[in-house]
Structure formats: structure tokens, C-alpha cells
Amino acid sequence: MRAQDLLLVTLREPPAEAEIPSHQWLVRGGFIRRVASGVYAYMPLMWRVLRKVEAIIREEMDATGALELRLPTLQPAELWRRSGRWDTYTVGEGIMFNLTDRQGRELGLGPTHEEVITSLAADLIRSYRQLPVSLYQLQTKFRDEIRPRFGLMRSREFIMKDAYSFHGHGEDLRRYYGSMDQAYRRIFARCGLKVLAVQADSGAIGGGASQEFMAIADAGEDLVLSSGDGRYAANQERAQSLAPPSVPLRVAMDTRFATPGQASIEAVCAAHNLDPTQTVKVLLHRACFAKGPDQPVLTVLRGDQELNTVKLTNTLGPLLVERGTILALERLDVDTLQAHGLQLPVGFLGPDLPDDAIQGAPGLVGGFLRIMDATAADLAGFVCGANVPDQHRRVPGWSMLGLSFTKADVRAAQPGDRCCHDPGTVLTATRGIEVGHIFQLGRKYSSALEACFSNESGSMEPMWMGCYGIGVSRLAQAVVEQNHDRNGMIWPVSIAPFELVIIIANGEEQEQCRLAEQLYGELRAAGVDVLLDDRVERAGVKFKDGDLLGIPWRVVVGRNAARGQIELKTRSARDVLEMDASRLLRHLLPRLQRQRRGSLPEVEV
RNA sequence: CGGGGCGUAGCGCAGUUUGGUAGCGCGCUUGCUUUGGGAGCAAGAUGUCGCAGGUUCAAAUCCUGUCGCCCCGACCA
């Protein structure tokens with residue numbers, strides 16, 4: 001490709017819309033252009049990168065025995081109602097773009113494809129003899145993100161690889177899940193991405209075991225907690241740890257004491273010489289369900305602990321199965337309570353807050369569902385609010401309150417906490433970008449959509465399913481986030497838009513042009529993905545653009561062209577190798593061959 | 001959805017407080033010079049000041065409404 005023909009438009013200044021380096025560089029380099037909030041055009045350079053990423057994914061997916069296909073983006077609501085996700089995805093999370101056609105039929109733009117693939121599998125798969133089957137596609141997905149951010153990192157239209165596998169028994173699902181785990185590690189390594197595999201929450205997809213692949217980056221939106229020994233890593237949404245021990249508090253008898261204006265744990269502790277671990281905190285939420293009334297929830301944690309709302313949500317679902325999926329969990333703080341016309345002594349609430357405290361609030365029916373975290377349950381004596389303004393209470397033990405709680409792990413693990421598998425090690429925090437997620441779905445969707453097969457003994461049973469996603473466009477940007485310097489991007493050879501750029505230092509020098517054209521032809525003939533910068537620009541501009549675009553190899557044909565001398569340089573290193581042009585291919589090709597495989601360990605033949 | 005901010009040339013921005021001929025830098029066009037790290041000089045082109053109403057002799061500027069975008073929070077595969 002010649003730079004003249006590339007419609008290369010680079011920007012000297014970062015656009016105002018871009019916050020993080022990868023977003024700035026991609027826009028400055030002319031790789032992407034914003035069309036609407038969270039909607040981007042992939043320009044020719046970006047498209048070359050994406051196609052290389054896709055090629056790597058195809059190779060590795062095919063190697064697991066998966067079959068590529070293409071499913072529709074436009075999907076009928078009826079299918080989503082059968083799995084019970086239409087409401088979750090449209091009304092609840094509101095993440096699915098949906099529309100009504102001219103005949104009044106409701107449709108959604110696919111944010112994911114479990115429903116479609118499962119109904120197809122139900123049609124096509126009849127017998128255990130046809131299993132296992134794994135299907136995948138590379139396709140545009142649509143999600144109406146509340147707040148699109150960071151270019152391709154969180155966009156409303158993006159490219160995703162999604163795969164779905166069907167199995168005759170759980171053991172085969174786990175086997176294939178393991179091989180997808182390995183395939184994913186190979187894909188990311190080949191793309192030059194440093195990832196951390198972590199235990200994850202399954203979220204709205206649901207199901208059993210799941211693992212996320214996090215590209216390590218400060219700009220990442222997820223917090224990963226991992227142990228120094230490499231044996232444990234989890235998304236904070238899901239992470240478990242040992243809370244610090246509490247400071248014992250001996251309470252002889254149930255007493256109230258005045259805490260004027262001390263509406264926070266810190267204030268109470270400071271004024272009465274208490275440790276936060278000697279207190280309990282009470283949080284109120286409203287849980288909204290697909291069916292039935294909203295549920296008031298009262299959660300009790302030890303005073304020094306924070307609530308993990310994902311864990312709380314996951315706890316509530318099974319407790320109230322009859323109300324269907326949880327659509328929202330809303331914190332009832334001072335402002336919200338006032339908006340509902342409730343006057344509660346916020347800051348002075350106790351675990352025994354009576355049910356009638358919230359009577360009269362619109363939409364809320366019945367008493368509290370009371371959830372208690374183990375950190376609170378383990379306390380013998382503790383201090384809590386007395387449900388009266390400016391008063392707290394010393395309680396000798398939980399039996400005093402005569403209440404029944406559902407016990408659950410709802411605390412947020414924190415960096416510095418001791419690990420469950422080895423209290424001698426502690427968790428450290430890393431930020432990550434979720435580039436892949438694999439799930440063992442089990443039979444959730446196959447049961448809902450009646451995707452059954454006849455097993456060896458002739459009886460019908462739902463198939464076991466797994467699903468496996470990679471954010472393709474996000475991955476490409478994550479590579480830039482991990483690989484850039486102050487001059488621009490630094491692409492790994494395996495997914496670079498071009499492997500090598502030839503810069504003609506002075507386009508008016510006949511010798512330079514002639515030698516550059518000759519090398520361009522030779523490199524192309526040798527199968528090298530080469531860009532010839534033949535633009536009528538000064539050398540400085542071409543050098544700057546070459547750095548900005550991050551093309552991994554650079555050949556400069558300049559003042560020594562008449563003597564047949566060129567310069568060879570890599571984007572990442574400073575040193576320049578001056579050599580005779582005739583030696584270029586012999587020097588370059590073996591190195592390129594190695595780099596095209598990405599950072600995979602060498603395989604001996 | 002709550003809070004904050006911004007919409008002026010392709011990009012980055014000033015001008016708005018205090019109403020009075022539409023500006024700057026980069027980019028673009030032409031010419032000459034220059035030619036190894038985003039060149040110099042000269043001449044030029046480019047705007048429905050987001051949109052719609054209103055106030056006024058006069059609106060980028062004041063008022064009302066509306067649309068879009070960004071940031072923080074909430075939320076989030």
C-alpha cells in the first residue's frame with residue numbers, strides 16, 4: 001500500500017473527546033472516527049488491525065473444533081421473553097436497543113446471542129450422537145450503554161466474537177471450557193496483550209462458573225484483586241477474602257447512649273473511643289423485580305466493611321425466585337427516603353429497625369428482607385444505631401434482638417485483605433480491561449428454551465451449554481493502551497496495520513525513490529505487509545507519522561541511497577541499523593516470521 | 001437518572017461578563033525558497049457562532065425552549 005492512496009489523516013493535537021491514551025492515539029492516527037456517542041467508524045488502518053485480530057481468533061477457534069457461522073442482529077422479542085430476559089434487558093438494565101416494526105412486532109438489536117443460538121440448537125440437535133457442538137461468530141453487537149466511554153472501550157456498537165457450545169453432560173462442558181480457556185490465552189498472547197485470568201461474576205448472563213480475561217491497564221474500568229502467589233485472582237465484584245479481625249467489645253447489658261449529631265461510624269467511634277470493627281452498619285435498599293412488588297431490603301455489615309452490591313443482588317434472586325429476575329437495586333439513602341415521604345433516623349439505624357418504619361412508601365410492600373454479612377454475625381457485643389435520632393446502643397449479642405436474618409457474604413473484598421486460601425498472603429489491586437469472558441452456562445437457557453436431546457438411554461434432557469466472548473474492537477484498543485509511548489502507538493507485528501513502513505526521506509531525489517520502489521516490490525513479493533510512504537512531505541512529517549501509526553519496522557531510504565545503503569529501525573527501540581539494501585530481506589524475514597506468531601512460546605517441531 | 005461543563009472554520013481554542021463589521025494557532029489552496037524529526041516567506045479560501053423562538057435599531061453575546069456532546073456520580077457485558 002502506498003501512503004498516497006491511504007486517505008491518511010493524522011491530527012497534531014489530541015481531540016477534546018478523548019481521555020485515555022489509546023483513544024487519543026487511535027483518533028490522532030486516523031484509525032477511528034466518532035459518528036455518534038459510543039458509535040465509531042473503523043477507518044482503513046483500524047480495519048486492517050481488526051481483520052488481523054479476527055484472523056487470529058478464527059485460527060484458534062477453528063483449532064478447538066468450533067464452527068463459524070453468522071447469526072442475525074435483529075431478533076424477535078418473543079425469543080427473549082421465552083428466556084425471561086426481554087424485561088431484564090429492555091426495562092431493567094435497558095441495555096438492549098429495541099423497536100417495533102410496521103406490523104407492530106417487537107424486535108431487539110442483539111446485545112448477545114444465547115437465545116437465537118439455543119433455539120437453533122433445539123431445532124437441529126436431536127441426539128447425543130450430534131454432541132458436542134461449538135458454534136461461533138464475529139459480529140457487531142449493540143448495547144445501549146448508559147455512558148459510553150473511552151472510544152472503543154465502552155461503545156454502543158462494537159465487534160464481538162461470541163461462541164456457544166452444547167454438550168451431553170456437564171463433564172464434557174467443563175472439558176471444553178478448559179480448552180476454550182487455553183485458546184483464549186493463546187489468542188491474547190498472539191495479539192501481544194498482557195492479560196490476567198480472574199474469577200468473575202456471571203451478571204445478567206447467569207449460569208455457573210465464569211472467568212474473565214483482564215488486560216492490565218490503569219485506564220481499566222474493573223478492579224481486580226489478586227494474591228501475590230498467583231493462586232487467586234478475582235474481579236472485585238466477586239472476590240472473597242478474610243476480613244480483618246474485629247477488636248472484641250465486651251457489653252454487659254443492652255444500653256442506649258447519646259450520640260448527638262454523630263451520624264457516621266467515624267463520628268461515633270471518635271467520640272466514644274470505639275473501633276469501627278466494634279460497630280455494625282445498616283443499609284436499606286429497594287429491590288425491583290420483573291414480577292410482583294418491590295422488596296425492601298435491610299442489610300447489616302460490620303462497621304468497617306463496605307457492601308458489594310453485586311453480591312447482594314445475587315443473594316436476593318434465589319430468595320425471591322417467584323418474582324422473577326431482579327431489575328434494579330436502589331439504595332435508599334437520605335434523599336431517596338425523603339422523596340418517598342419517609343422520615344427515618346438515617347445514621348442512627350439499627351438492625352432491628354421495625355418493618356412499619358417503611359410502611360406507606362409507594363411501591364414497597366411487606367416487611368424487610370433482612371440480610372446479614374458474616375462479619376456482623378460473628379460479633380459478640382457491638383454498637384449499633386438505636387433507631388432514634390442522636391442515640392446509639394450497646395448490644396451484648398444478636399440473640400438480644402430476637403430477629404432472624406438471612407446470612408450471606410455481601411461484603412466487598414478490599415486490597416490488603418488476607419486471602420482465603422492462605423491467610424499469610426494479602427490481596428493487591430490491579431485495574432483491568434475486560435477483553436474476554438467465558439461461562440459455563442449449564443442448562444439455564446436450554447431449559448427455558450426447551451433445547452433438549454435424547455441421551456444414550458433414550459430419554460430427553462436439556463443440553464449443557466457454555467458461552468465464550470471476546471470484545472474484538474475493545475481488544476484492539478487495549479493493545480494500544482498497553483503499547484504506546486509519547487510519540488504514538490507501538491503495534492505488535494501480529495496485528496499491526498502494516499508490518500513495515502518505507503520512508504523516502506526526500507521524494508525529489510531520484511535515487512531514493514528508485515531504491516524505495518525496488519525494496520517495496522521485493523518486500524511485497526516476500527509477503528511482507530509493507531507501507532510505502534511516498535507522500536510529498538518533508539522527512540520530519542513522515543517520521544512523526546510513522547511513529548504515530550506505530551508500524552513496528554521502519555526502513556529509511558535517505559541520503560545514502562546512492563550507495564545502496566538504507567537504515568532499518570524498530571518502532572520500539574532507539575538504535576538504528578545501517579545496512580546495504582541487498583541485505584534487508586535476509587535480515588528482516590526471520591525476525592518477522594517469529595514476531596508474526598505473537599508472544600507465544602516457541603513450539604519445537 | 002442526579003451534579004458539573006461545553007457546542008464559534010476540518011482540528012484545538014479565544015471572543016459571551018459589559019449587545020455594535022467573525023477572530024487566533026494548526027490544517028487546506030497557490031507561488032517561491034527549503035529538504036533527515038510535524039519548515040520559512042507571501043498571497044488566498046473556508047462559518048446558518050448546534051437548532052427554534054423571543055427581547056432589541058442591532059444578538060455568537062441577553063431571555064425561553066430544544067437538540068447534541070463531554071466529565072463526575074449512580075449503573076454497567
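All chains are named by letter (A, B, ...) in the order of the sequence lines, taking the proteins before the strands, and each is independently numbered beginning at 1. Below, all heavy atoms of this structure are taken into account, side chains as well, without hydrogens, waters or symmetry copies.
Listed pair S37(A) / rG68(B) fails the phosphate criterion, with no side-chain N or O lying under 4.0 Å from OP1 or OP2. Proximity of R147(A) to the phosphate of rC71(B): a side-chain N or O atom is located under 4.0 Å from OP1 or OP2. In this structure, R538(A) reaches the rA39(B) phosphate: one of its side-chain N or O atoms is under 4.0 Å from OP1 or OP2. Between R149(A) and rC71(B) there is no side-chain polar atom (N or O) within less than 4.0 angstrom of OP1 or OP2.
Under the Watson-Crick or G-U wobble criterion, with both distances below 3.5 Å, rG25(B) is paired with rC11(B). The partner of rU16(B), taking Watson-Crick or G-U wobble pairs whose two distances both stay under 3.5 Å, does not exist in any strand shown. Nucleotide rC62(B) has rG54(B) as its partner under the Watson-Crick or G-U criteria, with both atom distances under 3.5 Å. Pairing partner, rC1(B): rG73(B), with both Watson-Crick or wobble hydrogen-bond distances short of 3.5 Å. A 3.5 Å limit on both hydrogen-bonding distances identifies rU30(B) as the Watson-Crick or G-U partner of rA42(B). Summarising the base pairing, rC6(B) is matched to rG68(B) through a Watson-Crick or G-U wobble pair whose two defining distances lie under 3.5 Å.
Taking the six-membered ring wherever Trp is involved, the centroid distance between the rings of Y89(A) and W80(A) falls below 6.0 Å.
Distances from the side chain of E19(A) to the nucleotides rC72(B), rC26(B), rC69(B) place rC72(B) closest. Taking only side-chain atoms of R154(A), from C-beta outward, the nucleotide of rC76(B), rC69(B), rG36(B) with the closest atom is rC76(B). The side chain of K544(A) lies closest to rG37(B), out of rC26(B), rG36(B), rG37(B). With rG36(B), rC69(B), rC13(B) as the candidates, the nucleotide lying closest to the side chain of A16(A) is rC13(B). Comparing rC75(B), rG25(B), rG38(B) by their closest approach to the side chain of D545(A) singles out rG38(B). For D547(A), the listed nucleotide lying nearest its side chain is rG37(B); candidates were rC1(B), rG27(B), rG37(B).
Salt bridge absent: E237(A) and K311(A) never bring a charged side-chain N and a carboxylate O closer than 4.0 Å.
Taking the six-membered ring where the residue is Trp, F213(A) and Y184(A) present tilted rings, their angle falling between 30° and 60°.
Spacing between atom CD1 of I146(A) and atom C1' of rG2(B) amounts to 13 Å, rounded to whole angstrom units. What separates CD1 of I504(A) from C1' of rG36(B) is a distance of 14 Å, to the nearest Å. One can place CG of L332(A) at 20 Å from P of rC1(B), the figure rounded to the nearest angstrom.
No donor-acceptor distance shorter than 3.5 angstrom exists from the side chain of D5(A) to the backbone of A3(A), with no hydrogens or angles considered. The main-chain N or O of I566(A) is never found under 3.5 Å from a side-chain atom of N560(A) such that the two would form a donor-acceptor pair. Under the 3.5 Å distance criterion, the side-chain polar atoms of S447(A) are left unmatched by any main-chain donor or acceptor of K444(A).
On a pure distance criterion of 3.5 Å, no polar donor-acceptor pair joins the side chain of E509(A) and the base of rG36(B). Not a single donor-acceptor pair, N or O on each side, falls under 3.5 Å between the base of rG36(B) and the side chain of N506(A). Not a single donor-acceptor contact under 3.5 angstrom links the side-chain atoms of R12(A) to the base of rG10(B). Between the side chain of R554(A) and the base of rG37(B), a donor-acceptor pair under 3.5 Å is found.
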Report task. Decide yes or no on side-chain hydrogen bond (donor to acceptor under 3.5 Å, both in side chains) for R411(A) and Q305(A), but give the supporting numbers first. Result -> CA-CA 6 Å; R411(A) 65 177 278 273; Q305(A) 298 297 308; 2.5 Å; yes
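For the C1' atoms, the distance from rC67(B) to rG25(B) is 30 Å, rounded to whole Å. The gap from the C1' atom of rA52(B) to that of rC11(B) amounts to 28 Å, rounded to the nearest Å. Using atom P as the reference point in both rA45(B) and rA22(B), the two lie 16 Å apart (nearest Å). Look at the C1' atom in both rU18(B) and rC62(B): the space between them is 11 Å, to the nearest Å.
At the heavy-atom level, Q512(A) lies nowhere under 4.0 Å from the strands shown. Note on V9(A): nothing from the nucleic acid sits closer than 4.0 angstrom, heavy atoms only. At the heavy-atom level, R28(A) lies under 4.0 Å from base atoms of the strands shown. Residue contacts shown for F158(A) include a base, since a base heavy atom lies under 4.0 Å away.
Remark on RNA chain B: of its neighbouring residues L548(A) and L329(A), the 5'-side contact belongs to L548(A), judged by nearest-heavy-atom nucleotide. Between P148(A) and P15(A), it is P15(A) whose nearest contact on RNA chain B lies nearer the 5' terminus.
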